[in-house]
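Beneath this line is the structure, given in structure tokens, with notes to follow.
Residue numbering restarts at 1 for every chain, and letters A, B, ... go by the order of the sequence lines.
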Amino acid sequence: MGHRAPSAWAAPVLIWAALASGAAAQTDGSADAVARGKYVFHAAGCFGCHTDVKGKGAPLAGGRALVTPFGTFFGPNITPDPAHGIGGWTLTDFTRALRTGVAPDGRSYYPAFPFTSFTGMTDADIADLWAYLRTVGPVPREDDAHRLNFPFGWRWLNGVWKALYFVPAPFEPGEPPDGVEDRESWRRGAYLVSALSHCGECHSPRGALGAMRRDYLLGGNPAGPDGKPVPNITPHPKRGIGRWSAGDIATYLKIGMDRDGDFAGGAMAEVIEHTTGKLTQEDRAAIAAYLRALPPVDRAPTRPAAPPGGQS
Amino acid sequence: MNKRFAISGFTAVLAIAVAAGSVLAPSIAATPGETVKMRQETMKQLGGHMKAIKTFLETGEGSAADVAKRATEIGDIAGKIPSLFPEGTGMDKVKDPESGAKPEIWLEWEKFTAAAKGLGERSSALNTAASGGNNQLIAAAFEEMGKNGCGSCHKPYRVKLEKK
């Protein structure tokens, strides 16, 4: 008897909440939103940069070092701890951080945080991800200060950087190229690769100021995380993965086995474990479909990109 | 002259051994470079089995019985992994041929050999699944073996070398 009572008033309250704000229905922290958010969390690869696995740190409590040509970044704490994590944030703060790279206190993030890709995330994905992140155990761990090379320690430069290289915008996949059969799958793949799973952030070379070279998108990066070269994943037959079938790509993303029967190690093994291996078969197929329809980039990943403006 | 003959003789024996599908444990006589070469050939053989099983699962080419046989051979290789990694054959020691074996292998030898043993156990599970002939179970056992068998060594202990 007693346990039935709340539903008598809970239903009208929920309806009111839904009517009061269009967003409320998505941000009520319902079990559905949390479950969807967990999937978004995997697809967005948050775990990797926000968890210090090597130092046996708590999940999402930050501290993972990301070594780049600009210095070493440390992923911050994104657990709901009010003092050290994002417990004091609102969905609006969270959306602004992902879409525009601006923290609640108004400071700009470094582009090591892939807001240049996350800017294309859908409202629904952001709200669901937020619902999920609220359910993670709070960890009172203080963030480490980034250790950056001169002059990148001047955070205000990020504002200048953004003015030069960043346009916040919803993601528009455009039309698939000729020959793509499943257009819906291609569009989903485009969204995953370009926005949510932000593949280009590691697989594209960066210019002198750290902006992704859009002219070599996904064409490999001589200096990826930890200073290692990251392969060209466009369908160029020699330089890229032109010889891989859609099945080869999907298998690789699921279990880490490449076309030679060899197994991934390093940073991609982490991505497979925490991101692509946790996606649905359909999403892996979508990524494969999108990658295979990309314009092939004729560029060896070990060759540094020409300086910006060095080619027309 | 003699030395060159000895090396080419060794290579020939190695080639025959690899062609015959057997795995040689490195003898005391093998130089670190020869050991690295031998283990790379062995890993290629292992990769060949993995590829063939994947092809079977994707296209039906081959047979479940063939998968079972390959699973047994993978198990044999797994059993020989510790002997293929004698001390002094890591990427920090051997430059010709280049090796991707991290020095951590010898710092965490027990974990390393446990991982190789794990591959052996998973290959037995794949053999069982393949003998049963249910493709879904074969696929599951194959993926489990790849991800947590092969992967459990490649993730912590191997650096992927650039293809030349």
Turns out that what part of Glu143(B) lies under 4.5 Å from chain A's heavy atoms comes down to both

Pairwise distance CD1(Ile272(A)) to NZ(Lys147(B)) - rounded to 0.5 angstrom
9.5 Å

Search all heavy atoms of Lys155(B) against all heavy atoms of Ala269(A) and return the closest pair with its distance.
CG-CB, 3.3 Å

Using a 6.0 Å cut-off, check whether atom NZ of Lys102(B) has over 12 heavy atoms from anything other than its own residue.
yes

Residue pair Cys150(B) / Phe263(A): nearest heavy atoms and the distance that separates them
CB-CD1, 3.4 Å

Using a 4.5 angstrom heavy-atom cutoff, name the option from Gly277(A), Ser245(A), Gly266(A), Gly247(A) with the most pairs to chain B.
Gly247(A)

Phe142(B) side chain reached by Met257(A) side chain, heavy atoms, under 4.5 Å
yes

Give a yes or no answer on whether the side chain of His154(B) reaches the backbone of Gly265(A) with a donor-acceptor pair at less than 3.5 Å.
no

Residues, nucleotides or ligands: over 12 heavy atoms within 6.0 Å of Lys95(B) NZ
yes

Sort Glu273(A) into side chain, backbone, both or neither according to what part of it lies under 4.5 angstrom from a heavy atom of chain B.
side chain

Lys117(B) NZ: over 12 foreign heavy atoms closer than 6.0 Å:
no

Using the rule salt bridge (charged side-chain N to carboxylate O under 4.0 Å, His left out), only one of Lys44(B), Lys54(B), Arg158(B), Lys51(B) pairs with Asp262(A); which is it?
Arg158(B)

More than 12 heavy atoms from other groups under 6.0 Å of CZ on Arg147(A):
no

